[in-house]
2 protein chains.
Amino acid sequence: MTDQPQNAFRALADPTRRDILRMLTTQDMTIAQVSDRFDMTRAAVKKHLTVLSDGGLITVEARGRERINRLDPTGFAPVLSWLEFFDRFWDGHLDALKSAIEKDMQ
Amino acid sequence: MTDQPQNAFRALADPTRRDILRMLTTQDMTIAQVSDRFDMTRAAVKKHLTVLSDGGLITVEARGRERINRLDPTGFAPVLSWLEFFDRFWDGHLDALKSAIEKDMQ
DNA sequence: CAAATATGATGCCATTTGGTATCATATTAA
DNA sequence: TTAATATGATACCAAATGGCATCATATTTG
């Protein structure tokens with residue numbers, strides 16, 4: 001982990017990395033397992049996983065010759081905390097926001 | 001506006017842009033007003049404002065020769081909605097998450 | 001031990017990004 | 001109208017980013 005929340009926001013800025021995060025909600029995965037799901041080299045995926053790790057969004061556990069990549073929910077804290085600042089600011093606009101979210105969820 | 005939530009996440013990935021957003025919580029600002037607060041050219045600031053606008057996080061209202069940049073809370077919806085997916089997934093971890101946020105807020 | 005496997009590390013490349021400088025255009029003010 | 005002001009647009013540049021290819025290293029496995 002390093003600068004916060006910069007590294008977390010940076011990690012979230014790439015669609016591939018966001019897809020990886022969602023994948024990791026279903027199960028922990030090795031680098032090879034993640035790579036199998038993308039049309040890019042293992043090296044490229046590994047770079048993304050490093051960025052996600054720097055952002056604190058995943059943890060990597062060495063297990064023999066494998067590296068288990070696991071979602072780290074606490075890594076989202078700096079992001080949510082930053083966003084929370086706006087949540088407080090809006091206040092009266094929260095309803096509009098909620099409906100906008102619901103509309104977006106469809 | 002374009003791809004969602006990609007443009008919003010991309011807009012949030014830069015520290016200068018996040019600072020601009022926080023500034024805009026205190027008051028709507030022209031490009032010149034925003035520029036005055038940063039050690040970079042007006043052109044550079046204008047680029048950031050364009051990215052923020054593409055991300056749907058601000059709206060720009062032309063008023064005479066000025067452009068009023070205004071925070072758009074609804075632009076955060078796609079981001080929050082994406083994050084909400086993880087909120088559902090964690091469930092049992094939410095408490096740890098909350099305390100992590102509080103710790104981060106200090 | 002030797003071969004296969006999983007990952008790490010490095011170098012290279014094209015594109016994007018964040019910045020500057022400069023000039024054009026549109027409004028306002030004298 | 002003319003000058004000043006606020007912004008838009010463009011060209012250019014260095015650094016970062018996302019990708020590939022390749023080789024090195026560490027673990028398993030036969």
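Side-chain atoms are counted along with the backbone in the values below, which use heavy atoms only and exclude waters and symmetry mates. Lettering of chains follows the sequences in order, A, B, ..., and the numbering in each one begins at 1.
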A.B. asks: Ignoring hydrogens, what is the shortest heavy-atom contact between A/Asn69 and A/Leu24? Give both atom names and the distance.
C.D. replies: O-CD2, 3.5 Å
A.B. asks: Hey, does the side chain of B/Thr41 come within less than 4.0 Å of C/dT20's phosphate (OP1/OP2), counting only N and O?
C.D. replies: yes
A.B. asks: Nearest whole angstrom, please: distance from the P of C/dT7 to the CE of A/Met29.
C.D. replies: 11 Å
A.B. asks: Should A/Thr16 be listed as having a side-chain N or O under 4.0 Å from OP1 or OP2 of D/dG18?
C.D. replies: no
A.B. asks: A/Met40 or A/Gly64: which one's nearest nucleotide on DNA chain D is closer to the 5' end?
C.D. replies: A/Met40
A.B. asks: Is it true that a side-chain atom of B/Ser53 and a backbone atom of B/Leu49 form a donor plus acceptor pair closer than 3.5 Å?
C.D. replies: no
A.B. asks: Is A/Arg42 near enough to C/dA6 that one of its side-chain N or O atoms lies under 4.0 angstrom from OP1 or OP2?
C.D. replies: no
A.B. asks: Under 4.0 Å between a side-chain N or O of B/Arg10 and OP1 or OP2 of C/dT17?
C.D. replies: yes
A.B. asks: Does a side-chain N or O of B/Arg17 approach OP1 or OP2 of C/dG18 to a distance below 4.0 Å, or not?
C.D. replies: yes
A.B. asks: Please state how far atom CZ in B/Arg67 lies from atom C1' in C/dA26, giving the value in whole angstrom units.
C.D. replies: 8 Å
A.B. asks: Shortest non-hydrogen contact from B/Leu57 to B/Ala11?
C.D. replies: CD1-CB, 3.8 Å
A.B. asks: Between D/dA6 atom C1' and B/Gln33 atom CD, what is the distance in whole Å?
C.D. replies: 11 Å
A.B. asks: Expressed as a whole number of angstroms, how long is the span from B/Glu66:CD to D/dA4:P?
C.D. replies: 19 Å
A.B. asks: Name the nucleic acid region contacted by B/Ala43, choosing base, sugar-phosphate or nothing; use a 4.0 angstrom heavy-atom cut-off, strictly under.
C.D. replies: base
A.B. asks: Show the nearest heavy-atom pair for residues B/Ile31 and B/Val45, with the distance to one decimal.
C.D. replies: O-CG1, 4.4 Å
A.B. asks: Report yes if a donor N or O on one partner sits less than 3.5 Å from an acceptor N or O on the other, where the partners are the side chain of B/Arg65 and the base of D/dT5; otherwise report no.
C.D. replies: yes
A.B. asks: How would you label the contact of A/Ala32 with the nucleic acid (heavy atoms, under 4.0 Å): base, sugar-phosphate, or nothing?
C.D. replies: sugar-phosphate
A.B. asks: Measure the distance from CZ on A/Phe9 to C1' on D/dA16 and round it to the nearest whole Å.
C.D. replies: 20 Å
A.B. asks: Considering non-hydrogen atoms only, spot the tightest contact between B/Asp72 and B/Thr74 and give its length.
C.D. replies: OD1-OG1, 2.7 Å
A.B. asks: Rounded to the nearest angstrom, tell me the gap between atom NZ in A/Lys46 and atom C1' in D/dT22.
C.D. replies: 16 Å
A.B. asks: Would you mind telling me which residue lines up with the more 5' stretch of DNA chain D, A/Asp39 or B/Thr30, judged by nearest nucleotide?
C.D. replies: B/Thr30
A.B. asks: Are OP1 or OP2 of C/dT17 and a side-chain N or O of B/Lys47 less than 4.0 angstrom apart?
C.D. replies: no
A.B. asks: Output the rounded distance in Å from CG (A/Asp36) to P (C/dT5).
C.D. replies: 13 Å
A.B. asks: Whole angstroms only, please: what is the NE2-P distance between A/His48 and C/dT7?
C.D. replies: 17 Å
